[in-house]
Trainee: 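I am attaching a structure below and will ask some questions about it afterwards.
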There are 2 protein chains.
Amino acid sequence: MRCISCNGRYDAGTCKKCHEDLKKCHEDLKAKVAFLTTSQPDSFSDVVLFAADGGYAQAAVPVPAHKAVLVSRSPVFNAMLENEMEESLSGIIKIRDVSYGTLRAFVNYLYTAEVVCLDQQLACDLLVMAEKYQVHHLKDLCQKFLVANLNWENSFSTYTFVHQHNAKKIIEAALTLIIDNMDKLTAREEYDELKEKDPQLLFEIYEAYLSKQVNKAAAQKGSSASHPPKFNWGGMYFEDDDEVQDYD
Amino acid sequence: MRCISCNGRYDAGTCKKCHEDLKKCHEDLKAKVAFLTTSQPDSFSDVVLFAADGGYAQAAVPVPAHKAVLVSRSPVFNAMLENEMEESLSGIIKIRDVSYGTLRAFVNYLYTAEVVCLDQQLACDLLVMAEKYQVHHLKDLCQKFLVANLNWENSFSTYTFVHQHNAKKIIEAALTLIIDNMDKLTAREEYDELKEKDPQLLFEIYEAYLSKQVNKAAAQKGSSASHPPKFNWGGMYFEDDDEVQDYD
């Protein structure tokens, strides 16, 4: 049978009615998202955010917003604004160590649930902001983007970066990629740098690799079926099929 | 083949991958709607709405809201609030001829795109508000609800009600239902009432019925295939298959 959607042949799928019902719900949800998207964050704003790239010396450009939207999207803004802290009284929120572009994209996301022109750098910057302000929906989006765009070239930098931001999904994917290419590890530019700057991180890579090798050897001896793996690294067991599995 | 969704047999449909891709997008949209839904319209509100059931004598209960949300969802509120009219300056919007319950449901819809406990009466009341404030997304919802809940009992009252509110989809559906049961027309309680109160509306029903009968007769003589229908009513042509079709 041929699929009415992709025209490919298949032997398991859904009937036209179920597919069309889902498509109908999907269109309804799209209209709902469009309806709920607020296109004018500048209108009647009662708070402004300022980005501070390491200091407030330069004339910062304000990013207008609404307290109601900020508290609704982020528990951190909620605590800050509902409890009449300095920011709530002054209507000014200064955000350190972030560029104007990132702040603008972050605030825009709170109104639209969309990021225009997302790239590797912006995804990393927004991940940090999403983590800090507990905007889980945005954090998920950045994680998905970084995992989808992971390659051997950026695996090392992504791994070292996300390691500080509790982004488990990316850590696992990057580590798998690094371990699958261990033969090229010491030849990498970042290797010597990391040995100096963050030896612990390098040890974690080696330990994860070792765990995988030991489990592989055990599996080859036929003992893996009846015994649990002998090595594990940070809750992740490395198994024979070269896949990282999380048993937490 | 059996559908993996409803388990029914079918001979045309989509493959598992296409279905799962759509399901995935659907889940993403659901999360987006949840993210964009503002749950606290009371927080940091800068405007209050009052319902006025025919007068302002009674102590009205305020419904708090945000100008930014109102202008984003309704072009009427946008014109009212952006142009510094009385309502914008005072932060008070009085809405005549609406109950507190309807106003509360209306404002809640602007924040959540949902109506809790929608029934026939509320759907009619919200349709009027949606029409007045040009909230098309809500008007669509009310129209769909009223069409889905249309029956012989409420067809007459629904028809007379929506006739004043430019709700074309419901007018067509109600008229079809009435015309399909013309033999019971004069026996209806509302018939004599309508003859007195709104004879024009009754003439429209009769004219639509006549148009259908004439076209049916013409079709039976075998002339409908080569000639266009001779009668039409308000842009709607009544054809042989008893279906109302809109050719506008």
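Remember, predicted model here, so these are calculated numbers, not experimental data. Values below: every heavy atom of this structure, side chains too, minus hydrogens, waters and symmetry copies. Below, chain A is the first sequence line, B the second, and so on; all start at residue 1.
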Trainee: For a quick test of reading the model, state the closest non-hydrogen atom pair linking B/H66 to A/A68 and the distance between them.
Mentor: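 Shortest heavy-atom separation between B/H66 and A/A68 comes out as NE2-CB, 3.1 Å.
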
Trainee: Classify the angle between the aromatic ring planes of B/F35 and A/H137 as parallel (below 30°), tilted (30 to 60°) or perpendicular (above 60°).
Mentor: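 It falls in the parallel class, under 30°.
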
Trainee: Under a 4.5 Å heavy-atom cutoff, which of B/H136, B/E114, B/R2 has the most pairs with chain A?
Mentor: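 Of the candidates given, the most pairs with chain A belong to B/E114.
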
Trainee: What residue, out of B/N7, B/L138, B/D28, B/D11, has the most heavy-atom pairs lying under 4.5 Å from chain A?
Mentor: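 Of B/N7, B/L138, B/D28, B/D11, B/D11 has the most heavy-atom pairs under 4.5 Å with chain A.
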
Trainee: I'd like to check B/S43 versus A/K67 (side-chain heavy atoms, cut-off strictly below 4.5 Å). Are they in contact?
Mentor: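 No, every pair of side-chain atoms sits at 4.5 Å or beyond.
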
Trainee: Can you give me every donor-acceptor pair (side chain of residues 139-148 of chain A, partner residue at least two apart or in another chain, under 3.5 Å) with its distance?
Mentor:
unit_1	atom_1	unit_2	atom_2	d
A/K139	NZ	A/E131	OE1	2.6
A/K139	NZ	A/N166	O	3.1

Trainee: So what's closer than 4.5 Å to chain B heavy atoms on A/V135: side chain, backbone, both or neither?
Mentor: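 Just the side chain, heavy atoms under 4.5 Å.
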
Trainee: Which value, rounded to the nearest 0.5 Å, describes the distance between A/D46 atom CG and B/F44 atom CZ?
Mentor: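 Taking CG in A/D46 and CZ in B/F44, the distance rounds to 7.5 Å.
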
Trainee: Where on A/R9 is there a heavy atom nearer than 4.5 Å to chain B: the side chain, the backbone, both, or neither?
Mentor: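 Contact with chain B: none, neither part.
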
Trainee: With a 3.5 Å cut-off and sequence neighbours excluded, list the donor-acceptor pairs that the side chains of residues 15-22 of chain B form with protein atoms.
Mentor:
unit_1	atom_1	unit_2	atom_2	d
B/K17	NZ	B/D21	OD2	2.7
B/H19	ND1	A/T14	OG1	3.4

Trainee: Counting heavy-atom pairs under 4.5 Å with chain A, which one of B/A12, B/A34, B/S88 comes out on top?
Mentor: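 Sorted descending by pairs with chain A, the first entry is B/A12.
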
Trainee: Could you tell me which non-hydrogen atom of A/L36 sits nearest to which non-hydrogen atom of B/R73, and how far apart they are?
Mentor: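 Taking A/L36 first and B/R73 second, the nearest heavy atoms are O-NH2, 3.4 Å.
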
